[in-house]
Amino acid sequence: MNRYYNHIDVERNAQQFWKNNRCFKVFEDMTIEKYYCLSMFPYPSGNLHMGHVRNYSIGDAITRFNIMQGKNVLQPIGWDAFGMPAENAAIKQGISPNDWTKKNIDYMRIQLNSLGFAYDWDREFSTCEVNYYYWEQWFFTKLIKKDLVYKKDSIVNWDPVDNTVLSNEQVIDGYGWRSGAKIESRKISIWFLKITNYAEELLKDLDNLDWPERVKTMQRNWIGKSSGVDIDFYVSEIPDALSKLTIFTTRPDTLMGVSYLAISSEHPIANFLYKNNPKLIKFFKKYCNSLCGEADIENLGINIVYKANHPITKEKLPIYITNFVLMEYGHGAIMCVPAHDKRDWDFANKYSLSKIPVIADINGNIPNIYNGPYTKQGSILINSGEFNFLKTYEAFDIIIKKLEKKYNSIKRVNYRIRDWGISRQRYWGTPIPIKYGKNGEIIALNIDELPVCLPTNIKLKTNKSPLNTIPSFYNLRNLWTRETDTFDTFIESSWYYARFCCHDNNDLMLDERVKYWLPVDIYIGGIEHAILHLLYARFFHKLLRDFGLVHCDEPFKRLLTQGMVVANTYYRKMNDGSNQWFNHIDVKVKSDGSAYLISDGKPVIMGGIQKMSKSKNNGVDPQSMINQFGADTVRLFILFAAPSDQSLEWSYAGIEGAYRFLNRLWKFTYDHIALFGIINKNINVSLLNDRQRAIRRITHITIKKTTYDINSANFNTAIAAVMKLNNTLLRFNDNSIQGLAVIIEALEVSLLILSPIVPHITHVLWNELGHKEAIINARWPKIDDQALFIEEMTLVIQINGKLRTKIKIPADTDLDIIKKIALSDYKIQIYIKCKFITKIFIVPGKLINIVF
Ligand code: ANZ
């Protein structure tokens with residue numbers, strides 16, 4: 001055994017062993033309990049970043065822990081290989097996106113291997129392979145047949161930087177999720193998947209998922225279920241077909257406070273009025289040809305000649321065509337209650353419309369709506385004719401009932417979620433398997449026309465897709481042409497977890513092996529995917545289920561969202577007002593808290609702790625850390641420095657501390673073997689003395705605690721418990737036969753517990769301790785309940801040598817604690833009162849004598 005810890009040798013040795021013995025290759029075996037541990041697969045950007053390393057270290061530790069529990073564990077890896085960055089990089093570097101992607105994958109595979117992750121590499125695939133995306137095209141044609149896909153002209157989110165349409169989920173506060181560009185509105189024809197058909201199920205099934213509450217709430221809000229009622233208002237003097245104006249409201253209790261109606265600029269009544277009405281057309285062109293509901297556009301309307309009759313009062317109400325009512329939500333028409341709704345209040349103010357308060361405040365008084373609407377629940381209804389005095393909480397149901405009976409209104413639920421627009425005007429993605437005829441026919445390609453292969457030998461010059469400039473791609477026989485848009489790449493990430501179960505099947509999209517592996521038992525990834533990817537994947541899974549391709553209702557049973565990796569930032573203000581960011585490696589922080597740049601000695605401003613990112617130049621290259629300290633140190637630091645779901649602050653002191661700990665572990669094992677060999681591993685419980693028993697107890701308490709902690713993905717506390725055990729061992733000098741056996745037990749337990757976290761060093765040390773089988777094949781340590789049992793001893797308490805009482809305490813109680821217990825005993829307190837104690841003698845295991 002080497003005297004010193006050499007991480008390079010150790011890691012090479014362990015990785016070679018795993019590779020040669022195909023340790024992580026798994027097969028379906030119905031006789032063994034399965035466990036499917038999946039970390040979100042990476043986009044092959046070229047380099048692993050610390051976020052990846054954290055994500056994959058957590059996944060790997062969970063995987064190895066479950067292997068040691070005797071489960072059949074699948075931990076696959078692959079590449080989310082389609083997407084924009086490949087196109088941008090290809091333009092810059094003059095190579096094809098395909099070559100760029102493959103080159104990156106080759107390098108990142110080496111990086112992942114250097115971290116020693118327990119992947120079943122035989123299942124690796126990347127989503128840009130025809131073998132993978134062919135099945136998406138195949139499935140898409142099935143979805144068309146089942147009417148789950150449609151093409152529609154619609155006003156879409158247009159990202160002017162990435163030159164493509166984005167789905168609603170991909171627009172964050174008005175900006176593109178990837179490019180950060182301000183999103184514009186455009187009217188184009190694109191393909192949609194009917195995610196709205198699954199809205200209720202997507203909502204309901206959240207209840208059964210072991211996911212962070214935060215993520216579930218985000219999904220619930222995104223789906224946005226609301227219960228309300230459809231109410232018909234009749235419009236006078238308009239052609240019959242348009243006379244019934246149906247609105248959707250969640251507040252039927254405010255029906256008597258309606259003072260006008262608002263309709264979408266795309267509503268049939270609006271469309272009817274545009275004909276020959278230049279004023280309206282001008283209004284539409286100027287204000288409405290943008291995405292309705294955008295937060296920062298001013299709400300405007302134009303009053304039309306027709307009036308709507310209030311269903312109960314029959315009062316004639318003005319109608320406005322507006323730029324804020326969404327055509328796709330409800331019926332594209334709303335009743336407006338300015339006294340109780342902010343948007344309606346603002347609008348009524350602007351156009352001098354009346355405001356009728358119908359909800360009394362908590363004291364039953366008319367609310368003050370002079371400066372703004374009264375939006376609280378209030379107490380009772382007022383100004384509401386026959387509904388006056390109804391309590392607000394019961395008004396909803398009572399009014400709905402009346403409307404249903406008398407006015408044929410319909411109670412119904414609405415969902416905020418929109419269908420998923422999946423066409424992208426990009427090149428590097430899956431071609432949509434559709435063809436267009438010369439007479440306007442639109443049909444799905446036949447199975448024998450699939451796959452539509454993406455031409456890969458491409459030189460990109462601009463960031464516009466070249467597919468519609470390649471006649472050999474889009475021209476088909478008999479003047480048919482192919483669709484040149486590609487799928488949103490979120491389609492690829494919506495089912496890869498299932499394909500890992502059977503990626504080698506060329507005849508079926510998914511086969512019976514998914515029955516064994518799915519659902520994924522734990523899915524690990526960033527919270528930023530809470531809505532986008534995680535909602536799409538749940539939806540896609542339900543589609544697959546409804547086609548009989550998977551059997552369970554949900555893809556990911558448990559979700560762990562790991563926190564961000566953060567680090568200090570430093571910058572200088574430049575003359576043009578921009579910031580120049582410096583990496584922490586180049587900065588020295590002085591004892592007074594100020595910082596300067598090492599190269600020129602001039603000060604830099606501290607920008608605080610922020611998420612590691614290229615833009616803030618505060619990243620740490622994992623590879624340089626692995627080279628310097630080894631994968632185990634990096635893994636240990638990452639899992640020790642913070643609970644998995646919280647931010648992890650990068651610290652060089654922390655990584656050095658982790659390195660020192662591993663060196664100590666090595667040295668302790670080396671010294672022990674050098675001094676004593678491995679003579680005795682057999683503990684004879686009946687021969688143990690108190691101290692030996694106490695060490696054993698700590699060992700088994702550590703097993704109990706860490707088993708619980710690791711099951712809950714709390715690696716930091718598990719590591720801390722092992723460190724504590726090791727520190728206890730350092731102070732335990734006992735060369736007796738039983739003493740050595742107790743030490744070896746504690747050491748072996750430490751190695752077993754640490755092995756999911758630092759698998760290389762524990763692999764080597766385990767063998768050095770004389771084990772023939774590898775630690776990865778060893779079982780998780782078992783708790784000996786007997787070792788946890790705390791014997792009690794009776795202690796006599798004397799005062800000035802006279803027996804005063806007896807107490808029972810655990811045999812391993814610390815001397816200081818014994819003193820405290822004795823002094824706080826109520827009988828002894830009576831004797832002591834205010835006396836000055838000169839000495840306390842303790843005869844361990846027998847008596848304690850208090851002298852004054
Ligand atoms: C009257 C009312 C009074 C409303 C009040 C609210 C407050 P959620 O919960 O999101 O479903 N609404 C209905 N359809 C709309 C559309 N197409 N575009 C824009 N707004 C629309 O919200 C439902 C409420 O949003 C409905 O209830 C309606 O305004 C509005 F004090 O009706 B309410």
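Remember, it's 1-based here, ligands and their atoms both numbered in the order they're listed.
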Please produce the table of protein N or O atoms sitting under 3.5 Å from N or O atoms belonging to ligand 1, one pair a line, distance to 0.1 Å.
from, atom 1, to, atom 2, distance (Å)
ligand 1, 11 (O), Ser226, OG, 2.4
ligand 1, 11 (O), Tyr329, OH, 2.3
ligand 1, 17 (N), Leu326, O, 2.7
ligand 1, 17 (N), Tyr329, O, 2.9
ligand 1, 18 (N), Leu326, N, 3.0
ligand 1, 20 (N), Arg343, NH2, 2.9
ligand 1, 27 (O), Thr249, OG1, 3.3
ligand 1, 27 (O), Thr250, N, 3.1
ligand 1, 27 (O), Thr250, OG1, 3.2
ligand 1, 32 (O), Thr249, OG1, 2.6

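- Note on residues 364-401: no pairs pass ring pair (Phe, Tyr, Trp, His ring centres under 6.0 Å), not counting sequence neighbours.
- Enclosure of atom NZ in Lys391 is not indicated, since only 12 or fewer non-hydrogen atoms of other residues, nucleotides or ligands lie within 6.0 angstrom.
- Residues in residues 202-224 take part in no ring pair (Phe, Tyr, Trp, His ring centres under 6.0 Å) pair, two or more places apart or across chains.
- Seen from the ring of Tyr198, Lys542 does not count as a face-on cation partner, given the 6.0 Å and 45° thresholds.
- Between the Lys216 side chain and the Leu206 main chain, a donor and an acceptor come within less than 3.5 Å of each other.
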Let me have the donor-acceptor pairs involving side chains of residues 520-536, under 3.5 Å, with sequence neighbours excluded, atom names and distances please.
from, atom 1, to, atom 2, distance (Å)
Asp521, OD2, Lys34, NZ, 2.6
Asp521, OD2, Tyr36, N, 2.8
Tyr523, OH, Tyr496, OH, 2.6
Tyr523, OH, His533, NE2, 2.7
His533, ND1, Ser493, O, 3.4
Tyr536, OH, Ser167, OG, 2.9
Tyr536, OH, Glu169, OE1, 3.1

